[in-house]
Peer 1: 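Would you mind keeping the following structure in view while I ask a few things?
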Amino acid sequence: MRGSCLCGGIKYRINGRLFDAMNCHCSMCRKAQGSAFRSRAAVKTEHFEWVAGEDLMTFYESSPGNHRGFCRVCGSPILSKFDAYPDYLGLPLGPLDDDPQVRPKRHVHVASKAPWFTITDDLPQLPEGPR
Ligand SMILES: [Zn+2]
Ligand SMILES: [Zn+2]
């Protein structure tokens, strides 16, 4: 499974399966994505392989120990690193070029949802985070 940023400078490959896909409506995800929510999954760090542009990555620590990585040229969100869970990465689904083979199974942080967006599917809605 391949992914890339908007400018094409960053390319990566996932050599394993994604899991725990969800739509996060927290205000940090909304701002980082510039949209109503962030669709993201998790991947084992060992399954993430850089193909090009690792040097273009910039990280922003949006909350303690949570490092959101994006392309410094075009701003595409690429992955999140967690100090507490170094074996896993958070992976926004938007930059993927192939079908991730997983689908978001729930909405989280719905208490922070944008007022201009209405959830119209039947997936479970958690007011706060997943844990
Ligand atoms: Zn880019
Ligand atoms: Zn979030």
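Counting starts at 1 for both ligands and their atoms, following the listed order.
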Peer 1: Quick check: closest heavy atoms across Asn23 and Ser39, and the distance to 0.1 Å?
Peer 2: OD1-OG, 2.6 Å
Peer 1: Please report, to 10°, the angle around the Zn ion (ligand 1) from atom SG (Cys7) across to atom SG (Cys5).
Peer 2: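 Approximately 100° at the metal, rounded to tens of degrees.
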Peer 1: Identify the heavy atoms of Ser4 and Asp97 that sit nearest to each other, and give their distance.
Peer 2: OG-OD2, 2.8 Å
Peer 1: Strictly under 2.8 Å, is the Zn ion (ligand 2) approached by any N, O or S atom of Cys24?
Peer 2: yes
Peer 1: Work out the angle at the Zn ion (ligand 1) between SG of Cys74 and SG of Cys71, rounded to 10°.
Peer 2: 110°
Peer 1: Taking N, O or S atoms only and a limit of 2.8 Å, check whether Cys26 reaches the Zn ion (ligand 2).
Peer 2: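 Checking Cys26: at least one N, O or S atom is under 2.8 Å.
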Peer 1: Would you say that more than 12 heavy atoms from the other residues, nucleotides or ligands in this model lie under 6.0 Å from the OH of Tyr60, or not?
Peer 2: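 Atom OH in Tyr60 is not packed in, count stays at 12 or less.
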Peer 1: Report yes or no: is the cationic atom of Lys81 (NZ for Lys, CZ for Arg) closer than 6.0 Å to the six-membered ring centre of Phe59, at no more than 45° off its axis?
Peer 2: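 Yes, cation above the ring, under 6.0 Å and within 45°.
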